[in-house]
J.: 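Take a look at the following structure, please.
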Protein chains: 2
Amino acid sequence: MKKIRLGVIGIGNMGSEHCRNLAAGKCPEIELAAVADVREDRMEWARHELPESVKVFPSGRDLIRSGECDAVLIAVPHYLHEQLAVQAMSHGLDVLCEKPISVEAAAGRRMIRCAATSGKTLALMFNQRTNSVYRAIRNIMQNQELGAIKRMSWIVTDWYRTQKYYDSGSWRATWAGEGGGVLLNQCPHQLDLLIWLCGMPVKVQAQCHEGKWHHIEVEDDVTAYLEFGNGATGVFTASTGDLPGTNRLEIDCERGKLICEDGKIRCFRLGQNERETCFNSDNPWYQCNAKEEEIQTDGENPQHIGVLNAFAAHLLHGTPLTADAEDGLRALQLSNAIHYSGWTGEMVSVPVPEDKFHELLDKKIAGSTVRKTGDITYESDHTGTGAKAGQ
Amino acid sequence: MKKIRLGVIGIGNMGSEHCRNLAAGKCPEIELAAVADVREDRMEWARHELPESVKVFPSGRDLIRSGECDAVLIAVPHYLHEQLAVQAMSHGLDVLCEKPISVEAAAGRRMIRCAATSGKTLALMFNQRTNSVYRAIRNIMQNQELGAIKRMSWIVTDWYRTQKYYDSGSWRATWAGEGGGVLLNQCPHQLDLLIWLCGMPVKVQAQCHEGKWHHIEVEDDVTAYLEFGNGATGVFTASTGDLPGTNRLEIDCERGKLICEDGKIRCFRLGQNERETCFNSDNPWYQCNAKEEEIQTDGENPQHIGVLNAFAAHLLHGTPLTADAEDGLRALQLSNAIHYSGWTGEMVSVPVPEDKFHELLDKKIAGSTVRKTGDITYESDHTGTGAKAGQ
C-alpha cells in the first residue's frame with residue numbers, strides 16, 4: 001500500500017502529540033518521515049523518542065527542501081503558518097495546517113491562492129468536526145429536519161487556563177506572538193463548528209475583554225452577538241477564566257430545537273412549522289407539543305487521527321477532507337470580525353475590511369510586550385481542548 | 001382580625017384572576033371590597049361572578065373616591081399605572097401595582113415621589129419572586145456562598161405567543177397602547193429577578209427586533225449584553241417567537257456556578273476561589289473539582305397570592321413586601337436601557353437619560369398604529385407567564 005510520507009513542522013505541544021500518534025501506527029496510510037523544529041531541545045526529544053527512520057531537521061524550510069516528504073503538517077505558532085504553507089506548496093508538497101489558518105484573513109486568502117496556483121491540497125486541522133456529536137448535529141442541520149434556523153446560543157467557557165499556562169511561552173497570549181487570545185488559540189474549533197452547523201454570520205457586535213482574568217494583553221473573555229443571512233440571531237460566549245466552565249450549544253429552528261451539552265444531544269421536534277402555528281393557531285398561549293428525544297450517535301470521535309487519515313485518503317483516493325482551507329478562512333473571518341467589533345465597539349459586517357483589520361492589529365502589536373518567562377513546551381494533556389462534548 | 005379592604009382596578013385578564021383568588025378566600029387578611037373597569041362587559045362579569053358584597057365601579061377614579069377601600073391593586077394597561085397610583089395614594093390609599101411600574105422610568109420616579117409625600121405604600125406585583133427556585137438562588141447569592149459574580153446568562157424564550165394573542169386587544173403590542181413588547185409585557189419579571197439575583201447592570205448593549213416573528217410594531221426578540229459594577233458580564237435573551245422555548249439561567253461566580261432550568265437548580269461549588277487557583281496553581285490546564293449538587297428548595301410557589309398576602313401583612317404588621325416601588329423602578333430602568341440601546345445601536349449606561357428616552361419613545365408612538373381587532377379579554381390560563389421554573 002502506498003503511504004504519504006509526512007513531515008511534521010513544529011514539534012511543540014501539539015506537533016509532538018501528532019508524532020506520537022503517527023509513530024504508534026494510528027494512521028496506516030501515513031509514514032512519519034521527518035520532523036522539524038528550531039529548538040535544539042525539541043530536536044533532541046525527536047531523536048530520542050521517535051523511530052530512527054524519522055529524519056530531524058532544524059527548520060521547516062530544510063524539511064520542505066529535503067525531498068523526504070510528500071506532505072507536511074504545520075504545527076508552529078499561527079503567524080508562521082502562511083510562510084511555511086506557501087513554501088511547502090510551492091515545493092510541491094500538500095499541506096495540513098493546524099488551526100487557525102493564520103492570524104489575518106488576508107493571509108488565509110493568500111494561502112488559498114497559492115494552493116490554487118500550485119494545485120496542491122491545503123487542509124485544516126479542525127479535529128472537532130470528527131466528534132460524533134457534532135457530526136450528528138451537522139446531519140440534522142444539513143437534512144433540514146428542523147427547518148430554517150431562528151436562533152443559536154453557544155456558551156464555550158470550558159477552556160479554563162491558569163496564569164501558569166500563559167506564562168509557559170513568551171509568544172503566548174501576546175499580540176506580537178499569537179495575534180489574539182481565546183479567539184485565536186482556543187476557539188477556532190467552535191467558530192468553525194458554528195459556521196459548519198449554523199451557517200456563516202453576516203453581522204457581529206462583540207465585546208472582547210483583554211486580560212480580564214489573567215495577566216495577559218489579549219482577550220480572555222468574549223461575548224459576541226451574531227446575525228445570519230436569513231435573519232436568525234445568535235450569541236457566542238467564550239472565556240478561559242470560568243471554573244467550572246460550560247459548553248452548551250442550543251440551536252432553535254422553525255420545526256424544533258437542539259441542545260448539546262455534556263456530550264448529549266437533546267432534540268425537540270414540532271409536529272408543525274412554528275411559523276404556521278403562529279399565524280394559524282386560535283390559541284393565544286399555544287403550548288408546545290414537542291417531545292424530548294436524545295439523538296443517538298455512532299459514538300466515534302477520532303479527533304486528530306481522523307483528520308490525518310482523511311487527509312491521507314484524500315491525497316491517495318480523492319475522498320473528502322475533514323476541512324479545507326476555505327473552511328479555515330471562514331472561521332478566521334468570523335474570528336477577525338469579532339476582534340474588529342470588540343476593538344471598535346461597532347456592529348460590523350462579515351468579513352471585515354482586511355486593510356483596516358491589519359491596521360488595528362498592527363497598533364496592538366506595536367504595544368505588545370514579550371514576557372521573559374522561558375519557552376516551556378508542555379507535552380501532556382490535550383483533553384482540555386474542548387473535546388469533552390461527545391467523549 | 002382586621003382586614004385590608006382592597007379594590008381591584010382593571011378586571012381584564014390579570015385583574016379578574018386576582019378577583020377570583022380573593023373571592024375564593026386565598027388571602028385571609030384581604031377583603032375584596034370593590035372592583036372597577038371602564039368596560040361594561042367587565043362590570044357585567046363582576047356583578048355576576050363576584051360576591052354581592054363587592055362594589056362595582058365604572059372607573060378607577062370612582063373606586064378610589066368611594067371610601068370603600070383601604071388599598072388598591074392596579075391592573076390596567078401600563079400607561080395608566082402612574083395616574084391611578086398617584087390618585088390612589090393622594091386619596092390616602094396604599095397601592096399594589098401590576099408590573100411594569102410604568103412605561104418610562106421618569107413616571108416610576110414620580111410615583112415613588114408621591115408615595116414618599118403621601119406616606120403610603122407602593123408595592124409591585126413581582127410574583128415570580130415567590131417561586132421557591134428563585135428564592136433559593138437569592139439566598140445563595142445574598143449569603144455570598146459562591147463569592148462574587150463573574151458572568152450570567154439568561155435565555156428566556158419560553159414566552160411563546162401566537163398572532164392571535166397580539167390580535168386580542170387593540171392596545172396590545174403597540175407603542176401607543178403598551179409602550180413596548182416582550183420587554184414591557186412578558187419580561188418585567190425576569191428583569192426584576194435578574195437584578196434581584198445578580199445586581200443592577202451598569203451598561204447595556206442590546207439588539208431589539210421589532211415585529212420579527214409577529215405582525216406587531218414593537219419588539220418580540222431581544223438580545224442584551226450586560227455589564228455589572230464589578231466587571232461581571234451577562235447576556236439576556238428574550239422572545240415570544242420560539243417554540244419550544246428555553247428558560248435557562250446560569251450564574252458563574254468565583255467559587256462555583258448555578259444553573260437553573262426546568263425548575264431545578266444545579267450547583268457546582270469549588271473548594272477554592274477560582275481567582276486564587278488561577279494565580280497559584282502549577283497546572284496550566286487545571287481541571288475542576290466541583291461536584292454537581294441539586295439545591296433543595298421549600299417547594300412553595302404562592303405567586304400572586306403570596307404577593308397579595310405579603311402586601312396585606314406589610315400594611316397590618318409591618319413585615320416586608322415581596323417587592324417595592326424601588327424594585328419596580330430598577331426593573332424599568334433596565335428595560336428602558338435595553339430599548340434605548342436597541343433603538344440607538346449604542347452601548348449605554350444604566351439608567352439612560354429620561355428626557356432622551358421620552359423623545360425616542362414619542363417618535364415611536366407618533367408612528368404607532370392602533371389595529372381594529374376588538375378588545376377581547378381572555379380569562380383563562382396564566383401558566384404561560386414564565387412560572388414554569390419551580391412549579
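So that the names make sense, note that chain A is the first sequence line, chain B the second, and so on, each numbered from 1.
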J.: At a 4.5 Å cut-off on heavy atoms, which part of A:Thr240 comes close to chain B: side chain, backbone, both, or neither?
T.: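 Interface part for A:Thr240: neither.
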
J.: Between A:Arg161 and B:Tyr286, is there a side-chain heavy-atom distance shorter than 4.5 Å?
T.: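 B:Tyr286 vs A:Arg161: side chains apart.
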
J.: Less than 6.0 angstrom separating the ring centers of B:Tyr160 and A:Trp285, yes or no?
T.: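 Here the rings of A:Trp285 and B:Tyr160 have centres that are no less than 6.0 Å from each other.
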
J.: Does any heavy atom of chain B fall under 4.5 Å from the side chain of A:His214, the backbone, both, or neither of them?
T.: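 Interface part for A:His214: both.
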
J.: In terms of heavy-atom proximity below 4.5 Å to chain B, should A:Arg255 be classed as side chain, backbone, both, or neither?
T.: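 Nothing of A:Arg255, per the 4.5 Å heavy-atom cut-off to chain B.
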
J.: Apply side chain to side chain contact (heavy atoms under 4.5 Å, CB included) to B:Ser153 and list each qualifying residue two or more places apart in sequence or on a separate chain.
T.: A:Ile155, B:Ile155

J.: Is A:Leu270 close to chain B through its backbone or its side chain, or both, or neither, when contacts mean heavy atoms under 4.5 Å?
T.: side chain

J.: What part of A:Glu227 gets within 4.5 angstrom of chain B, counting heavy atoms only: side chain, backbone, both, or neither?
T.: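 For A:Glu227, the contact with chain B is made by the side chain alone.
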
J.: What are the two closest non-hydrogen atoms of A:Pro244 and B:Ala290, and how far apart are they?
T.: CG-CB, 4.3 Å

J.: Centre of B:Trp213's six-membered ring, under 6.0 Å away, within 45 degrees of the axis: is that where NZ or CZ of A:Lys150 sits?
T.: yes

J.: If we only count heavy atoms from C-beta on, is the B:Asn283 to A:Lys164 side-chain gap below 4.5 Å?
T.: no

J.: If every non-hydrogen atom of A:Lys212 is compared with every non-hydrogen atom of B:Arg275, which pair is closest and at what distance?
T.: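 Heavy-atom minimum between the residues: O-NH1, 4.5 Å.
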
J.: Between chain A and each of B:Asp252, B:Thr233, B:Thr246, B:Thr223, count heavy-atom pairs under 4.5 Å; write down the option with the most.
T.: B:Thr246

J.: For a side chain to side chain contact (heavy atoms under 4.5 Å, CB included) with B:Asp242, tell me which candidate from A:Glu250, A:Lys257, A:Arg151, A:Glu274 qualifies.
T.: A:Arg151

J.: List the steps and the verdict of side chain to side chain contact (heavy atoms under 4.5 Å, CB included) for B:Gln207 and A:Lys203.
T.: CA-CA 12 Å; B:Gln207 271 80 25; A:Lys203 281 189 178 181; over 6 Å; no

J.: For B:Ser281, which atoms come within 4.5 Å of any heavy atom of chain A: side chain, backbone, both, or neither?
T.: both

J.: Check A:Cys278, A:Cys288, A:Cys253 against B:Leu243 for a side chain to side chain contact (heavy atoms under 4.5 Å, CB included) and give me the one that passes.
T.: A:Cys288

J.: Excluding sequence neighbours, so at least two apart, what forms side chain to side chain contact (heavy atoms under 4.5 Å, CB included) with B:Gln144?
T.: none

J.: Using non-hydrogen atoms only, which part of A:Thr277 is less than 4.5 Å away from chain B: side chain, backbone, both, or neither?
T.: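 Both backbone and side chain.
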
J.: Quick one: does B:Tyr225's side chain get under 4.5 Å of A:Gln205's, heavy atoms only?
T.: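 When only atoms from C-beta onward are counted, A:Gln205 and B:Tyr225 do not touch, as no gap falls below 4.5 Å.
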
